[in-house]
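These notes are about the structure you will find just below.
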Amino acid sequence: MTTSQPDPFGSRATLDLAGTPATVYQLAALEREGGRSIGRLPFSIRVLLENALRHAGRGVVTEQHVRALADWQPQDPARGEIPFFPARVVLQDFTGVPC
């Protein structure tokens with residue numbers, strides 16, 4: 001797959017979805033890169049980690065951000081900011097109608 005997007009951890013792969021290719025970023029690449037166990041992380045941290053991995057190397061998210069999330073420990077809370085770029089945000093007003 002040829003793309004101009006950076007992939008500092010070699011985690012980008014292509015998944016075939018009914019004949020349509022989709023780009024995915026595999027957390028397993030971080031396990032191979034640093035001998036980490038990503039499966040031990042809470043699901044919420046894995047969501048943040050995948051988002052950081054997808055945006056790494058594009059200016060805002062650094063490799064250090066990704067490694068800090070991959071090495072997250074419950075007894076040592078994060079110090080600093082976690083970059084997060086959600087694809088969608090759903091908001092509701094008090095009547096229950098999406099904004």
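Just the heavy atoms: all of them, side chains too, but no hydrogens, waters or symmetry mates, feed the values below.
In plain terms, the two heavy atoms of Arg12 and Asp7 that are nearest each other are N-OD2, 3.1 Å. Summarising the geometry of Ala22 relative to Leu17, their closest heavy-atom pair is CB-CD1, 3.7 Å, with the distance given to 0.1 Å. Heavy-atom minimum distance, Leu48 versus Leu69: O-CD1, 3.8 Å. Contact record, Ala70 with Leu49: N-CD1, 3.8 Å, taken as the closest heavy-atom pair. Shown here for Gly10 and Ala29, the closest heavy-atom pair between the two residues is O-CB, 4.1 Å. The two atoms that bring Pro8 and Glu63 nearest to each other are CB-OE2, 3.3 Å, heavy atoms only.
For Asn51, the side chain to side chain contact (heavy atoms under 4.5 Å, CB included) partners are Arg54, His55, Phe84, Phe85, not counting sequence neighbours. The side chain to side chain donor-acceptor pair (under 3.5 Å) search around Glu31 returns none, not counting sequence neighbours. Residues satisfying the salt bridge (charged side-chain N to carboxylate O under 4.0 Å, His left out) criterion with Arg36, sequence neighbours excluded, are Glu33, Asp71.
Residue Leu27 holds its CG atom at 8.0 Å from OG of Ser11, rounded to the nearest 0.5 Å. Here the straight-line distance linking atom CD of Glu50 with atom CG of Leu30 works out to 10.5 Å at 0.5 Å rounding. Going from atom CG of Leu53 over to atom NE2 of His65 covers 14.0 Å, rounded to the nearest 0.5 Å.
Taken together through direct or relayed side-chain contacts under 4.5 Å among Ile, Leu, Val, Met, Phe, Trp and Tyr, Val60 and Val47 form parts of separate hydrophobic clusters.
Distance alone, capped at 3.5 Å, is enough to place a donor-acceptor pair between the Arg46 side chain and the Leu41 backbone.
A 4.5 Å side-chain heavy-atom check between Val24 and Thr14 finds every atom pair outside the cut-off.
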